[in-house]
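To start, the structure itself, in structure tokens.
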Amino acid sequence: MKVNLDENGYVREWALVGDNGGVDVPEPDDLEGFIACAEGYRLKDGVLVKDEAQDAAVRREKLKTELRARRETECFSVINRGWIWYSSLNLLQWRELKRWYLAWLTVTETLTAPERPAWLDSTNTAAIPDIPLWL
């Protein structure tokens with residue numbers, strides 16, 4: 001196995017087969033865990049060792065990236081509608097939508113995606129214009 005390391009000795013890139021121009025190292029005992037989060041391993045005395053704190057930090061950042069992507073597709077496509085759509089909501093829907101939106105805005109802190117309001121599933125948001133039709 002070949003690995004390229006960052007300035008702190010953590011794995012930046014790796015190749016199980018072939019040559020990536022890195023350092024030759026034996027495969028770690030937990031190859032499956034290494035594959036899932038190679039950036040959480042560092043080279044120590046010629047072998048790859050898992051750094052629990054680094055592994056947790058890297059996994060947290062990966063989760064945040066995934067949640068940001070979900071927020072973009074699941075939330076912003078609904079929230080970024082024009083006033084015509086918003087004026088068609090009743091007060092309970094508007095309040096639920098606002099709570100859902102605010103929960104998405106803090107998703108990188110809570111690390112929990114909020115549950116989508118059920119009534120949105122029966123609303124065809126793609127058919128609602130983003131801008132007034134007369135413009």
Side-chain angles (χ1 to χ4, degrees):
M1 164 181 269
K2 291 213 175 214
V3 295
N4 287 311
L5 307 171
D6 68 12
E7 61 278 355
N8 297 315
Y10 289 99
V11 174
R12 187 178 64 225
E13 299 174 317
W14 60 278
L16 197 55
V17 177
D19 188 357
N20 65 354
V23 180
D24 277 318
V25 295
E27 294 176 13
D29 293 335
D30 180 19
L31 185 58
E32 190 174 309
F34 175 81
I35 291 171
C37 189
E39 299 90 348
Y41 285 74
R42 69 184 297 174
L43 190 62
K44 185 175 182 182
D45 300 326
V47 295
L48 294 172
V49 178
K50 183 176 184 177
D51 180 325
E52 294 293 340
Q54 177 75 1
D55 182 71
V58 169
R59 287 177 187 267
R60 182 179 177 90
E61 286 306 312
K62 286 181 179 182
L63 177 58
K64 285 181 180 183
T65 299
E66 291 169 14
L67 289 168
R68 285 183 188 108
R70 282 187 60 193
R71 177 175 58 197
E72 185 71 31
T73 58
E74 294 177 28
C75 175
F76 292 162
S77 64
V78 173
I79 291 298
N80 293 336
R81 293 287 145 192
W83 67 271
I84 293 174
W85 183 67
Y86 280 102
S87 66
S88 70
L89 301 178
N90 65 43
L91 183 59
L92 292 176
Q93 289 174 321
W94 183 85
R95 289 175 70 188
E96 187 176 7
L97 190 66
K98 183 177 179 180
R99 279 193 296 273
W100 180 66
Y101 173 62
L102 292 174
W104 268 117
L105 291 181
T106 60
V107 75
T108 57
E109 296 165 23
T110 64
L111 301 179
T112 303
E115 189 172 331
R116 180 180 169 95
W119 57 268
L120 278 175
D121 294 333
S122 61
T123 304
N124 181 5
T125 58
I128 301 165
D130 289 330
I131 58 172
L133 297 174
W134 59 85
L135 292 182

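The distance from atom OG1 of Thr108 to atom CG of Leu67, rounded to the nearest 0.5 Å, is 8.0 Å. Residue Thr112 holds its OG1 atom at 10.0 Å from CH2 of Trp104, rounded to the nearest 0.5 Å.
Applying the ring pair (Phe, Tyr, Trp, His ring centres under 6.0 Å) test to Tyr10 and every residue at least two apart in sequence or in another chain returns nothing. A search for salt bridge (Lys or Arg N to Asp or Glu O under 4.0 Å) contacts involving Asp55 returns Lys50, Arg59, not counting sequence neighbours. Looking at residues two or more places apart in sequence or on another chain, you find no salt bridge (Lys or Arg N to Asp or Glu O under 4.0 Å) involving Glu13.
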Run the side-chain donor-acceptor check on residues 22-42: report pairs under 3.5 Å with partners two or more places apart or on a different chain.
unit_1	atom_1	unit_2	atom_2	d
Asp30	OD1	Gly33	N	3.0
Glu39	OE1	Lys62	NZ	3.4
Arg42	NH2	Asn8	O	3.0

Would you be so kind as to tabulate the donor-acceptor pairs closer than 3.5 Å made by side chains of residues 87-100, with sequence neighbours excluded?
unit_1	atom_1	unit_2	atom_2	d
Ser87	OG	Trp83	O	3.2
Ser87	OG	Ile84	O	2.8
Ser88	OG	Trp85	O	2.5
Asn90	OD1	Leu92	N	3.0
Asn90	OD1	Gln93	N	2.7
Gln93	OE1	Asn90	N	3.0
Glu96	OE1	Trp119	NE1	3.0

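Contact record, Val78 with Arg81: O-CG, 2.9 Å, taken as the closest heavy-atom pair. Considering every non-hydrogen atom in both Arg60 and Leu111, the closest pair reads NH1-CD1, 3.0 Å. The two residues Arg116 and Glu74 come nearest to each other via the heavy atoms NH1-O, 3.8 Å. Across all non-hydrogen atoms, the minimal contact from Leu5 to Arg12 is O-NH1, 3.2 Å. Contact detail for Trp14 and Met1: the closest heavy-atom pair is CE3-CE, 3.8 Å.
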Quick one: do Leu48 and Leu43 satisfy side chain to side chain contact (heavy atoms under 4.5 Å, CB included)? Show the steps, please. CA-CA 5 Å; Leu48 294 172; Leu43 190 62; 4.2 Å; yes
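With side-chain heavy atoms closer than 4.5 Å counting as contact, directly or through intermediates, Val58 stands alone and belongs to no larger hydrophobic cluster.
If you chain together hydrophobic residues whose side chains sit under 4.5 Å apart, Phe76 and Val107 fall into the same group.
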